[in-house]
Amino acid sequence: MSLGGASERSVPATKIEITVSCRNLLDLDTFSKSDPSKRIQGWEEELGFGRTEVIDNTLNPDFVRKFVLDYFFEEKQNLRFDLASLTLIFSQDFLGQAFLALGEVIGGQGSRVERPLTGVPGKKCGTILLTAEELSNCRDIATMQLCANKLDKKDFFGKSDPFLVFYRSNEDGTFTICHKTEVVKNTLNPVWQPFSIPVRALCNGDYDRTVKIDVYDWDRDGSHDFIGEFTTSYRELSKAQNQFTVYEVLNPRKKCKKKKYINSGTVTLLSFSVDSEFTFVDYIKGGTQLNFTVAIDFTASNGNPLQPTSLHYMSPYQLSAYAMALKAVGEIIQDYDSDKLFPAYGFGAKLPPEGRISHQFPLNNNDEDPNCAGIEGVLESYFQSLRTVQLYGPTYFAPVINQVARAAAKISDGSQYYVLLIITDGVISDMTQTKEAIVSASSLPMSIIIVGVGPAMFEAMEELDGDDVRVSSRGRYAERDIVQFVPFRDYVDRSGNQVLSMARLAKDVLAEIPEQLLSYMRTRDIQPRPPPPANPSPTSAPEHP
């Protein structure tokens with residue numbers, strides 16, 4: 001979606017970051033509070049511009065994920081915000097919406113506005129709070145690691161499950177959330193994984209701007225316990241390039257009540273470094289190729305492909321959810337793969353003629369070369385497999401993840417990045433092995449997209465996503481968050497428009513790929529190559545799984 005109308009401009013657009021919070025939302029969940037997420041749209045557009053993360057069990061969410069828009073003073077740039085709650089069965093309930101112009105947000109006092117949410121008849125839907133800030137041109141990115149010592153114990157039956165929340169200060173004295181660490185379970189002395197954050201997100205180029213850091217004990221029901229806080233600045237953080245910096249974690253309430261109160265523990269900044277921020281486009285211009293692999297669930301729980309009730313049903317009138325997910329993601333990815341050859345596998349089927357169960361069989365029936373020509377070739381092989389194999393089970397992810405990981409492990413120079421799309425209908429049968437495979441793959445140039453189709457409960461897929469609690473196996477944590485899971489039903493257009501459904505899905509599931517690619521390049525200190533000359537010599541074919 002474009003929020004501007006002119007095709008050519010003499011002055012570059014101003015980049016504006018929109019931060020979203022909500023207060024006093026409708027509580028539609030029977031057993032817990034609503035789990036809200038938000039989509040931003042243009043009034044004249046069908047396709048959502050962007051979507052926040054889901055925040056569990058709260059009626060007063062402060063979203064970390066921002067919306068970055070091009071702002072043009074001379075235009076009226078209309079916005080629509082839609083809020084939905086993720087229910088216990090992973091469908092979505094509408095919580096309200098707000099209509100306003102981008103100029104209203106920027107022109108509000110302190111570039112901040114609060115508007116009522118509407119759209120649910122007879123109900124007060126709460127309010128939406130929007131804050132706008134112009135982004136600096138700073139392209140630096142900071143990487144840091146922190147640990148804590150002797151934090152307050154908050155859990156009755158165990159220790160605490162600590163995580164950090166970073167806020168940057170605003171000119172009016174308020175704070176804007178800009179980062180959350182992962183949760184470290186059952187410890188008062190956590191060591192968080194290193195993370196990277198753009199300097200403009202941390203302080204927007206003002207090195208002396210206050211950065212506030214809250215320490216919380218994570219609770220499953222969303223009522224996280226406040227342990228304490230401390231403040232710093234980018235300039236102070238940067239001193240840790242030469243020395244450790246220790247901060248006292250203070251709880252103002254406890255400090256007022258207890259005369260002998262000292263602190264609620266300490267947080268130590270173990271390391272801090274700053275590098276120039278390269279963009280996804282920088283790497284693509286330098287020749288980095290995206291290698292796309294598909295894995296499709298052929299287990300019996302999908303239903304007989306000859307029956308209209310099957311998730312694999314080959315209707316002459318419309319694509320199945322499997323085919324739509326494959327086509328939506330593949331048609332975007334294929335533009336970044338020069339040879340347009342895609343390995344495609346199935347899992348959970350009995351293969352002819354002997355009825356052997358396979359969890360990793362080539363859809364084109366060629367064990368020596370599983371590559372299909374373009375997304376149309378993948379679809380053709382998928383339809384052919386449905387006619388020849390017997391849907392069976394169980395649902396194993398690890399074999400195909402390890403297959404792609406073996407190919408990715410051979411390429412470590414930044415020239416190739418692997419994206420595995422897994423489309424499945426339900427419960428995973430090898431959770432332990434899959435976690436182990438993901439943890440191992442997290443150190444490789446690789447990302448995994450999981451699309452869930454059908455009405456099943458997908459709690460295990462949410463766990464693999466690792467947005468809140470990083471995936472771990474045998475005490476080892478994933479080096480990076482490389483998994484993105486979405487249920488396809490969240491993107492199905494109510495009017496039955498398949499093109500719109502596919503566009504919505506592709507936009508959301510591919511949104512994290514650029515940052516995941518960048519996180520790999522940063523951890524390996526791989527800089528983009530210079531763009532090739534106008535008539536480059538042919539390059540060697542990539543290693544395919």
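Only this structure's heavy atoms are used, side chains among them; waters, hydrogens and symmetry mates stay out.
One N or O on the side chain of Tyr261 and one on the backbone of Ser264 form a donor-acceptor pair closer than 3.5 Å. Within the 3.5 Å criterion, the main-chain N or O of Asn186 finds a donor-acceptor partner in the side chain of Asp161. Between the side chain of Asp465 and the main chain of Glu462, no donor-acceptor pair closer than 3.5 Å is present. A donor-acceptor pair is defined here as one N or O able to donate and one able to accept, closer than 3.5 Å; such a pair exists between the side chain of Arg480 and the backbone of Ser442. Judged by distance alone, the side chain of Asp425 and the main-chain N or O of Gly454 form no donor-acceptor pair under 3.5 Å. A donor-acceptor pair under 3.5 Å links the side-chain atoms of Asn60 to the main chain of Asn24, judged by distance alone. The backbone N or O of Asn189 lies less than 3.5 Å from no partner atom in the side chain of Asn149, so there is not a single donor-acceptor pair.
Comment: Arg200 does not engage Glu17 in a salt bridge, judged by the lack of any side-chain N to carboxylate O separation of less than 4.0 angstrom. Salt bridge status for Arg209 with Glu133: present, with a side-chain N to carboxylate O gap under 4.0 Å. Ion pairing of Lys154 with Asp152 is absent here, as no side-chain N (NZ or NE/NH1/NH2) approaches a carboxylate O to less than 4.0 Å.
Between Gln484 and Ile448 there is no side-chain heavy-atom pair separated by less than 4.5 Å. For the pair Met431 and Leu464, the minimum side-chain heavy-atom distance is below 4.5 Å. Between Thr245 and Leu237 there is no side-chain heavy-atom pair separated by less than 4.5 Å. Residues Asp214 and His224 form no side-chain contact, since every pair of their non-hydrogen atoms from C-beta on lies 4.5 Å or further apart. Looking only at side-chain heavy atoms (C-beta outward), Met324 and Leu505 stay at 4.5 Å or farther from each other. Between Phe81 and Leu100 there is a side-chain heavy-atom pair separated by less than 4.5 Å. Looking at heavy atoms from C-beta onward, Ile128 lies out of side-chain contact with Leu83 at the 4.5 angstrom threshold. The shortest distance between side-chain heavy atoms of Leu69 and Leu79 falls below 4.5 Å.
None of Thr266, Thr232, Thr268 except one satisfies the side chain to side chain donor-acceptor pair (under 3.5 Å) rule with Tyr247; the exception is Thr232. A salt bridge (Lys or Arg N to Asp or Glu O under 4.0 Å) with Glu512 holds for exactly one of Arg51, Arg65, Lys507; it is Arg65. The side chain to side chain contact (heavy atoms under 4.5 Å, CB included) with Phe397 is formed by just one residue from the set Asp297, Leu420, Thr424; it is Thr424. Here the rule is side chain to side chain contact (heavy atoms under 4.5 Å, CB included) with Leu130, and of Leu102, Thr19, Val105 only Val105 fits it.
Residues satisfying the side chain to side chain contact (heavy atoms under 4.5 Å, CB included) criterion with Thr181, sequence neighbours excluded, are Phe163, Leu164, Phe166, His179, Trp192, Phe195. Remark: Ala321 pairs with Val453, Phe488 by the side chain to side chain contact (heavy atoms under 4.5 Å, CB included) rule, at least two apart or across chains. By the side chain to side chain contact (heavy atoms under 4.5 Å, CB included) test, Arg235 is found to be paired with Tyr207, Asp208, Ser233, residues two or more places apart in sequence or in another chain being considered.
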Query - Derivation of the side-chain contact (heavy atoms from CB on, under 4.5 Å) call for Ile513 and Ile449 - result: CA-CA 9 Å; Ile513 297 299; Ile449 298 168; 4.2 Å; yes
Requested in this report: Could you check Thr131 against Arg112 for side chain to side chain donor-acceptor pair (under 3.5 Å), going step by step and ending with a plain yes or no?
Outcome: CA-CA 4 Å; Thr131 304; Arg112 181 189 304 268; 3.2 Å; yes
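Scanning both residues, Tyr216 and Val165, for their nearest heavy atoms gives CD1-CG2, 3.9 Å. Residue Ser443 comes nearest to Glu479 through the heavy atom pair CB-OE1, 3.4 Å, listed as atom of the first residue, atom of the second, then distance. Across all non-hydrogen atoms, the minimal contact from Ile106 to Ala132 is CG1-CB, 4.0 Å.
Using cut-offs of 30° and 60° on the angle between ring planes, the pair Tyr167 and Phe175 is perpendicular.
In Lys150, the NZ atom is not crowded: 12 or fewer heavy atoms of neighbouring residues, nucleotides or ligands sit closer than 6.0 Å. For CZ of Arg220, the number of neighbouring non-hydrogen atoms (other residues, nucleotides, ligands) closer than 6.0 Å is 12 at most. Counting non-hydrogen atoms of other residues, nucleotides and ligands closer than 6.0 Å to NZ of Lys212 gives a total above 12.
Side-chain contact check for Thr127 and Glu114: at least one donor-acceptor pair (N or O, by modelled atom type) lies under 3.5 Å. With no hydrogens or angles considered, no side-chain donor-acceptor pair links Thr143 and Asp275 at under 3.5 Å.
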